Q: 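One structure, pasted below without further comment.
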Protein chains: 2
Amino acid sequence: MSNWSDKVGGMALRYALLGLLAEQPASGYELAKAFEGDLGRYAWQAGHNRIYPELARLVDEGLVERAEEGARGRRVHTLTAAGLEELRAWLRQPWEGSTVRNEGVLRLFLLSALDPGDARKILHEVAARCEEELAPLREIVSGETPISPEGRLELGWLAAGYGLRQYEASRDWAVWALGELDKVDRGG
Amino acid sequence: MSNWSDKVGGMALRYALLGLLAEQPASGYELAKAFEGDLGRYAWQAGHNRIYPELARLVDEGLVERAEEGARGRRVHTLTAAGLEELRAWLRQPWEGSTVRNEGVLRLFLLSALDPGDARKILHEVAARCEEELAPLREIVSGETPISPEGRLELGWLAAGYGLRQYEASRDWAVWALGELDKVDRGG
DNA sequence: ATTGGACATGTCAGTGTTGACATGTCCAAT
DNA sequence: ATTGGACATGTCAACACTGACATGTCCAAT
């Protein structure tokens with residue numbers, strides 16, 4: 001019985017933190033590191049300067065518990081039962097009106113503002129870059145399914161599977177766009 | 001010789017506007033509408049309240065020209081030669097460090113925090129939703145390639161092709177994740 | 001012993017972004 | 001004639017976010 005309905009937007013970071021802590025307890029520093037991995041690459045980014053204040057608020061609301069300081073001032077944060085329920089309630093809500101901000105995709109869409117030669121060059125680069133990213137992801141996904149002690153799929157595993165399909169789609173799009181550019185050149 | 005190197009981040013809206021105006025002259029209102037379509041869905045969003053001040057700045061910098069008021073105070077904006085060059089220079093720059101914010105994907109990644117029953121239900125919904133989105137996109141993409149008077153591919157066409165592959169990838173991911181969930185259940 | 005680097009947390013100013021509020025115009029349907 | 005809705009532009013306060021600055025700890029390698 002929490003207040004997730006008070007605000008619909010702008011709560012993503014909050015739930016990203018709850019989700020990470022649902023996997024395992026962590027310090028703010030470790031959470032910041034997590035955002036530099038697949039999570040930040042595909043879903044949401046945040047720097048430590050944004051994470052610490054939000055963590056403090058979660059502690060205030062009883063969704064997260066903060067342990068005493070350890071070595072180097074490290075403070076481990078643990079998800080409470082209330083926090084887990086808050087996260088689950090959010091996930092069960094309908095996923096309407098979620099915002100997307102992706103500068104890379106924006107660039108792709110604007111590519112036709114370039115002359116065909118430049119556009120072609122960049123599309124080739126995009127396809128090649130995607131292909132590079134694919135190899136390590138294939139490696140991860142084709143390995144054994146990692147299951148956490150609590151019997152849950154790991155976030156990183158889900159992310160790798162998503163990234164794999166994502167990059168394949170982007171590469172295919174770039175190849176398709178190159179073909180369409182050819183049609184334009186033949187036509188005009 | 002412009003100043004795109006002054007700031008690397010936070011310039012996306014600026015170039016989105018230049019890109020839209022590269023397709024055709026438009027009023028602020030029309031630009032706001034454009035962000036509600038495929039552009040906003042896959043790449044970047046902006047409301048009119050953000051667009052008008054940015055347009056004014058672009059006019060100040062000579063990248064965009066603003067016509068006199070028409071009916072209902074409508075003011076048509078046109079890209080200048082300097083504006084097109086600014087846009088092209090940005091597109092030719094290496095695409096490093098672009099940020100991604102996608103609440104929907106974040107939700108997908110956090111799904112394993114739910115118990116398997118709920119997670120399965122949502123994954124089915126995701127797959128079904130993707131399938132729904134695919135039909136109209138297939139329609140658009142399988143039609144004739146639309147080429148603008150200036151011999152360029154239309155932004156909407158590129159976006160539809162991207163969206164098509166994007167939704168296929170998401171659907172495939174959801175189906176894969178369901179299969180992996182089954183493995184977890186059989187294992188645990 | 002010392003030093004460079006990863007670990008760890010924090011503040012702050014400036015900018016980006018959103019939702020709510022505000023205002024007025026044009027047109028089609030009643 | 002009037003009214004509801006799309007067209008059209010704008011402001012403002014609150015909040016989100018980033019980059020830069022600041023501080024200190026622990027440890028491994030020299």
Side-chain angles (χ1 to χ4, degrees), chain A residues 3 5-17 20 25-37 39-40 43-59 64 66-77 96-103 106, chain B residues 3-17 20 25-37 39-40 43-60 64 66-77 96-103 106:
Chain A
N3 60 340
S5 62
D6 286 357
K7 294 184 180 186
V8 185
M11 298 278 95
L13 172 59
R14 186 185 192 73
Y15 294 107
L17 292 174
L20 285 169
S27 66
Y29 187 85
E30 287 165 336
L31 292 168
K33 288 286 169 202
F35 280 102
E36 290 172 15
L39 189 67
W44 207 266
Q45 286 173 300
H48 74 273
N49 47 1
R50 185 87 187 77
I51 290 168
Y52 288 118
E54 189 64 41
L55 266 181
R57 209 183 305 174
L58 291 171
V59 170
V64 163
R66 169 182 280 164
E68 291 303 298
E69 281 194 13
R72 290 180 250 197
R74 180 169 190 260
R75 285 189 292 183
V76 179
H77 294 75
E96 307 297 327
S98 71
T99 68
V100 171
R101 264 151 211 293
N102 192 322
E103 198 178 300
L106 176 62
Chain B
N3 60 339
W4 46 256
S5 61
D6 287 357
K7 292 185 180 185
V8 186
M11 297 278 97
L13 171 60
R14 185 185 193 73
Y15 295 107
L17 292 174
L20 285 169
S27 67
Y29 187 85
E30 287 166 336
L31 291 168
K33 288 287 168 200
F35 279 103
E36 290 172 13
L39 189 67
W44 207 266
Q45 288 173 298
H48 74 274
N49 47 0
R50 185 85 187 81
I51 290 168
Y52 288 118
E54 189 65 41
L55 266 181
R57 209 183 304 174
L58 292 171
V59 170
D60 282 348
V64 163
R66 169 182 281 166
E68 290 304 297
E69 281 194 11
R72 290 181 249 196
R74 181 167 190 260
R75 285 190 292 183
V76 179
H77 295 75
E96 307 297 326
S98 72
T99 68
V100 172
R101 265 151 210 292
N102 192 322
E103 198 179 300
L106 175 62

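The figures that follow rest on heavy atoms only: side chains count, while hydrogens, waters and symmetry mates do not. Fair warning: this is a prediction, and the values are worked out from it, not measured in the lab.
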Q: Is the shortest side-chain heavy-atom distance between B/E54 and B/L17 below 4.5 Å?
A: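 The answer is yes; the side chains approach within 4.5 Å.
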Q: What is the distance from CH2 of B/W44 to C1' of D/dC17, rounded to the nearest Å?
A: 11 Å
Q: Taking atom P of C/dG16 as reference, at what distance in whole Å does atom CZ of B/F35 sit?
A: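 In whole Å, C/dG16 P and B/F35 CZ are 14 Å from each other.
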Q: Sequence neighbours left out, what passes side-chain hydrogen bond (donor to acceptor under 3.5 Å, both in side chains) with A/R57? Give chain and number order.
A: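 Scan of A/R57 (side-chain hydrogen bond (donor to acceptor under 3.5 Å, both in side chains), adjacent residues dropped) gives none.
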Q: Starting at CD1 of B/I51 and ending at C1' of D/dT11, how long is that distance when rounded to a whole Å?
A: 16 Å
Q: How close or far is atom P of D/dC12 from atom CZ of B/R50, stated in whole angstroms?
A: 16 Å
Q: Let me have DNA chain C in dot-bracket notation, would you? Count Watson-Crick plus G-U wobble pairs, both distances under 3.5 Å, and use [ ] for pairs crossing earlier ones and | for inter-strand partners.
A: ||||||||||||||||||||||||||||||
Q: Whole-Å distance between D/dC17 C1' and B/E103 CD?
A: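 Those two atoms, CD and C1', are 16 Å apart.
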Q: Please find the pair of heavy atoms, one from A/A16 and one from B/L106, that lie closest to each other, and give the distance.
A: CB-CD1, 3.8 Å
Q: Output all residues satisfying side-chain hydrogen bond (donor to acceptor under 3.5 Å, both in side chains) with A/R50, sequence neighbours left out; order by chain, then residue number.
A: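 None.
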Q: Sequence neighbours excluded, which residues qualify as salt bridge (charged side-chain N to carboxylate O under 4.0 Å, His left out) partners of A/R74?
A: A/E30
Q: With sequence neighbours left out, write down each residue that passes side-chain hydrogen bond (donor to acceptor under 3.5 Å, both in side chains) with A/Q45, or none if nothing qualifies.
A: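 Scan of A/Q45 (side-chain hydrogen bond (donor to acceptor under 3.5 Å, both in side chains), adjacent residues dropped) gives none.
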Q: Locate the shortest heavy-atom distance separating A/G28 from A/H77; write the atom from each residue and the value.
A: N-ND1, 4.3 Å
Q: Rounded to the nearest angstrom, tell me the gap between atom CZ in B/R101 and atom C1' in C/dT17.
A: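 It is 11 Å, rounded to the nearest whole Å.
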Q: How about B/L20 and B/F35: do any of their side-chain heavy atoms sit closer than 4.5 Å?
A: yes
Q: Rounding to an integer number of Å, can you tell me how far A/L17 CG sits from D/dC17 P?
A: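 Rounding to the nearest Å, CG of A/L17 and P of D/dC17 are 11 Å apart.
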Q: Taking all non-hydrogen atoms of both residues, which atom of B/Y29 and which atom of B/Y52 are closest, and how far apart?
A: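 That closest heavy-atom pairing would be N-OH, 3.4 Å.
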Q: Looking at the side chain of A/N49, which of D/dA16, D/dG19, D/dC17 is the nearest nucleotide?
A: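 From the listed options, D/dG19 comes nearest.
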Q: Can you give one letter per nucleotide of nucleotides 3-9 of chain C, going 5' to 3': B for a protein heavy atom under 4.0 Å from the base, S for sugar-phosphate only, - for none?
A: ---BBBB
Q: Between atom CE in B/M11 and atom C1' in C/dT15, what is the gap in whole Å?
A: 9 Å
